[in-house]
Structures are given as structure tokens and as C-alpha cells.
Number of protein chains: 2
Amino acid sequence: MAFSLSPSSKHTFAHSLREKGLRPTKQRACVYGVILDKRDHPTADDIFDRVKKHLPGTSFATVYNCLETLVGCGLVRQVNMDRSPTRYCPNLTPHAHFKCTQTGQIFDVQIDQDTLSKMHALIPKGFLAENIDLCFSGKGDSSTN
Amino acid sequence: MAFSLSPSSKHTFAHSLREKGLRPTKQRACVYGVILDKRDHPTADDIFDRVKKHLPGTSFATVYNCLETLVGCGLVRQVNMDRSPTRYCPNLTPHAHFKCTQTGQIFDVQIDQDTLSKMHALIPKGFLAENIDLCFSGKGDSSTN
DNA sequence: GTTAAAAATGGAATTATTCTAATTACTGAT
DNA sequence: ATCAGTAATTAGAATAATTCCATTTTTAAC
């Protein structure tokens with residue numbers, strides 16, 4: 001059976017897509033669903049595996065298409081750390097990422113408004129930032145292993 | 001002829017390598033040289049082309065090997081923005097990068113100590129960051145085109 | 001000079017991602 | 001409801017940055 005989003009997620013989802021004239025298809029809902037469901041910053045590959053459990057016929061291309069669409073609608077964010085596969089994150093609040101070099105795990109790190117402003121203030125006159133990306137890497141919290 | 005580093009760069013270069021028991025070969029010097037020479041955040045491909053002008057026999061594998069070595073010695077930094085090819089930067093002071101979405105150009109953006117501290121302060125207890133990466137993207141300064 | 005270790009080389013292999021052409025599913029107008 | 005037109009999905013091929021591997025060359029120490 002298809003993935004079922006919670007009523008509120010389903011609403012945000014359908015609304016965000018329709019705003020851009022796009023259709024809330026079951027594949028898109030499912031991709032969005034698995035990203036919301038387990039917030040472990042999955043790769044396209046992880047997402048493909050999870051989606052197939054719900055919609056076995058789904059192709060890799062579709063997963064990539066859906067991801068691109070969801071990113072374009074602002075429903076999920078892409079997380080790129082060094083050269084490793086792109087990961088996807090449904091947390092839309094201002095936050096940074098911390099990658100544990102030992103486990104590969106990625107953690108969200110909240111950014112307070114003051115620090116965010118200071119970061120914005122770095123940008124020289126004449127530049128207009130549409131995107132900010134802050135990534136840390138190092139040893140993660142051992143208690144979370 | 002091989003690339004010639006300025007006396008002070010040559011010293012830093014040889015010193016940093018020898019500290020790790022590595023040899024300051026002409027290929028490594030050349031790769032480092034072209035990165036220092038034109039600080040435009042070149043890709044491995046760009047570097048390969050430039051190195052070949054000085055040392056025509058150089059292979060792609062060597063360029064990658066040298067880059068890995070230089071990064072390992074802390075002589076250059078890798079810059080990864082989204083999925084585009086890795087770029088290399090000899091600026092070792094704390095700085096962020098701004099990528100112009102229109103031209104693809106990458107600009108260095110200095111980070112002051114206060115902002116840097118605030119960014120560090122975001123890291124939760126128990127985590128130890130070895131690396132910080134701050135990237136902006138958006139419209140670059142039109143006066144630089 | 002000889003020898004052992006390190007580095008460089010060329011080409012093949014890998015892998016995440018994108019592209020392409022063909023099929024299927026919607027949506028809106030009739 | 002049906003049809004036409006558009007959007008989305010599919011399978012598989014293609015791409016491109018990077019890494020790997022086996023071999024050759026260079027270097028440094030004795």
C-alpha cells in the first residue's frame with residue numbers, strides 16, 4: 001500500500017506542490033513520507049529502498065525526480081558534505097549539520113537568530129545570498145552510538 | 001620547465017610535507033604552485049590543465065594524488081559546493097565561500113573572530129568539530145563580472 | 001652504486017547522478 | 001463519461017568526477 005502521510009503533512013505537501021502547478025502523486029507523497037518518517041538524513045539510495053517497500057514498481061529515476069521536485073518546492077533540503085552522496089532533510093528550520101567522521105551519522109544543530117544574523121552580516125555588499133550552508137565535521141557524541 | 005614557487009612558499013611547502021615524512025616532489029610543487037598562482041578555486045580538471053603546461057607528462061591520477069597529499073598537509077583546503085566538482089583553495093585563514101549561481105564563480109568571504117566563536121558555540125556538548133564549512137550561494141557582485 | 005620505499009603513471013573501474021525515449025496517468029474541456 | 005493534451009513515471013543507457021590497480025620511475029639512505 002502507498003505511504004500515508006499524517007493529515008497535516010499531507011496538507012503541506014499537497015499545498016506546496018499545487019502552488020507550483022505540480023501534482024501530489026503517490027510517488028512524491030511516498031518519497032516525502034519516508035523522509036519525514038525516519039529523520040536520519042537518508043541518501044537517494046536509502047530512500048529508494050524504503051519507497052520500494054510501499055510502491056514496489058518505483059524506479060530510481062522517479063526517486064531522483066521526486067527529490068528534485070520536493071527540494072524545488074522547499075519541502076526538503078539537500079545536504080551535501082564533502083563528496084559523499086547527497087542526503088535529504090525535512091527539517092526546514094535554520095539549522096546546521098554535524099557529521100561524525102567515525103560513524104558517518106549526521107546530526108541537526110539548531111542555529112539561533114543572533115548567530116544566523118552574524119553569519120548573514122559576513123556577506124559583502126553587492127552580494128545576495130539565497131542559501132546558507134553550515135557544516136561541521138568531527139567526532140560525534142559517543143553517547144548516541 | 002617545472003613550476004617555481006616563491007622562496008617563502010617553497011619553504012612552507014617543503015616544511016609541511018617533510019613534517020609528515022613526505023617528499024616535496026616537482027609534481028606536488030607544481031600542483032601547489034598553480035593553486036597559489038591563480039586563486040580562482042580551480043577544479044582538479046583545471047589544475048590538471050595548468051600543471052600539464054609545466055610538466056607535460058603529468059597524469060590525472062597524479063594530480064589527484066598530489067591534491068590529496070596537499071590537503072592532508074593542510075596546505076590547501078577542499079571546497080565542495082553542492083554536487084559540483086571539488087575546488088581547491090590555498091587561503092588558510094578562516095573564511096567562508098560564496099558561490100554565484102549565475103557565473104559559478106566562487107568568492108572568499110572572511111570570517112571575523114566573533115562570528116567564528118558564535119558558530120563554534122552552536123556545537124552541542126560532547127561533539128568535537130574538527131572542521132567548519134560555511135557556504136553561501138546566490139547572486140554575486142555584478143561589478144566583478 | 002645498490003637497494004628499499006615512495007611517488008607517478010595509464011588505464012580500467014566505480015558510483016552517484018542525469019538523460020532519453022517510451023509508456024502511463026491525470027486534468028480540464030467538451 | 002470521453003478525449004486530448006500535458007505531466008509524471010519508467011527502464012536502461014550515458015555521463016563525469018573520482019578512485020583503484022598494477023607497473024614503472026624516482027628518490028634517499030646506506
Side-chain angles (χ1 to χ4, degrees), chain A residues 2-3 13-14 16-34 41-52 54-73 75-76 78-88 104 106, chain B residues 2-3 13-14 16-34 41-52 54-73 75-76 78-88 104 106:
Chain A
F3 200 99
F13 167 73
S16 299
L17 284 162
R18 291 234 170 78
E19 252 185 354
K20 304 228 165 186
L22 301 168
R23 297 174 188 162
T25 67
K26 61 179 192 277
Q27 287 88 345
R28 287 171 177 167
C30 188
V31 167
Y32 185 48
V34 302
H41 302 89
T43 62
D45 215 79
D46 298 330
I47 293 165
F48 178 55
D49 289 343
R50 294 177 199 175
V51 166
K52 270 196 302 189
H54 301 279
L55 301 170
T58 309
S59 74
F60 229 121
T62 297
V63 169
Y64 273 105
N65 289 341
C66 291
L67 287 169
E68 194 187 352
T69 303
L70 294 172
V71 169
C73 292
L75 287 164
V76 307
Q78 271 180 318
V79 183
N80 287 109
M81 307 207 67
D82 36 76
R83 287 262 99 207
S84 49
T86 301
R87 291 162 175 282
Y88 296 86
I106 292 180
Chain B
F3 200 97
F13 167 72
S16 298
L17 284 162
R18 291 233 170 77
E19 252 186 354
K20 303 227 166 189
L22 300 169
R23 297 174 189 163
T25 66
K26 60 178 193 278
Q27 288 88 346
R28 286 171 179 169
C30 187
V31 168
Y32 185 47
V34 303
H41 302 87
T43 63
D45 215 79
D46 297 330
I47 294 166
F48 179 55
D49 289 343
R50 294 175 199 177
V51 165
K52 272 196 302 190
H54 301 278
L55 300 170
T58 309
S59 73
F60 228 121
T62 297
V63 169
Y64 273 106
N65 289 340
C66 291
L67 287 169
E68 194 187 352
T69 304
L70 294 172
V71 170
C73 292
L75 287 164
V76 307
Q78 271 179 319
V79 183
N80 288 110
M81 305 206 69
D82 37 74
R83 287 260 99 206
S84 49
T86 300
R87 291 163 174 280
Y88 296 86
I106 291 180

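Just so it is clear, the values below take in all heavy atoms, side chains as well, and ignore hydrogens, waters and symmetry mates. In what follows, chains are A, B, ... by sequence order, proteins preceding strands, each numbered from 1. Remember, predicted model here, so these are calculated numbers, not experimental data.
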Calculate the interatomic distance between [X] atom [atom1] and [N] atom [atom2]; express it in whole Å.
X: A/L17; N: C/dT27; atom1: CG; atom2: C1'; result: 16 Å
X: A/N65; N: C/dA21; atom1: CG; atom2: P; result: 15 Å
X: A/L67; N: D/dT9; atom1: CG; atom2: P; result: 11 Å
X: A/F48; N: D/dG12; atom1: CZ; atom2: P; result: 11 Å
X: A/D82; N: D/dT18; atom1: CG; atom2: C1'; result: 13 Å
X: A/Y88; N: C/dA16; atom1: OH; atom2: P; result: 12 Å
X: A/E68; N: D/dT9; atom1: CD; atom2: C1'; result: 14 Å
X: A/F60; N: C/dC19; atom1: CZ; atom2: C1'; result: 15 Å

Hey, are the side chains of B/V51 and B/Q27 touching, using non-hydrogen atoms and a 4.5 Å cut-off?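 Sidechains of B/Q27 and B/V51: no contact.
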Can you identify which nucleotide, out of D/dA11, C/dT9, D/dA8, has its nearest atom closest to the A/L22 side chain?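 Comparing D/dA11, C/dT9, D/dA8 against the side chain of A/L22, the answer is D/dA8.
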Candidate nucleotides D/dT18, D/dT10, C/dA8, ranked by approach to the side chain of B/P85 - the nearest: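 Within the option list, the nearest is D/dT18.
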Is [X] near enough to [N] that one of its side-chain N or O atoms lies under 4.0 angstrom from OP1 or OP2?
X: B/Q27; N: C/dT9; result: yes
X: A/T25; N: C/dA25; result: no
X: B/R23; N: C/dA7; result: no
X: B/R83; N: D/dA17; result: no
X: B/T86; N: D/dA17; result: no
X: A/Y64; N: C/dT18; result: no

Do B/D45 and B/F60 pass the side chain to side chain contact (heavy atoms under 4.5 Å, CB included) test, and can you show the C-alpha distance, the side-chain angles, and the key distance before you say yes or no? CA-CA 8 Å; B/D45 215 79; B/F60 228 121; 3.4 Å; yes
Counting N and O atoms only, with roles assigned by atom type, does the side chain of B/K26 sit under 3.5 Å from a partner on the main chain of B/L55, one being a donor and the other an acceptor?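 Judged by distance alone, no pair lies under 3.5 Å.
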With distance as the sole test, does B/R28 use its side chain to make a donor-acceptor pair with the main-chain N or O of B/L67 at under 3.5 Å?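 Side chain of B/R28 to backbone of B/L67: no pair is present.
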Heavy atoms only, 4.0 Å cut-off, all strands: where does B/D45 land among base, sugar-phosphate and nothing?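 Nothing, no heavy atom under 4.0 Å.
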Under 4.0 angstrom, heavy atoms only, what part of the nucleic acid is A/T58 near: base, sugar-phosphate, or nothing?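 The answer is sugar-phosphate, as A/T58 gets under 4.0 Å only of primed atoms, P, OP1 or OP2.
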Between B/G57 and B/R28, name the one whose nearest nucleotide on DNA chain C is closer to the 5' end.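 Final value for this comparison: B/R28.
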Of B/A44 and B/P24, the one whose closest DNA chain D nucleotide lies more 5':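 Its nearest nucleotide lies further toward 5', so the answer is B/A44.
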Looking only at side chains, do A/T43 and A/D46 share a donor and an acceptor under 3.5 Å apart?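 Yes.
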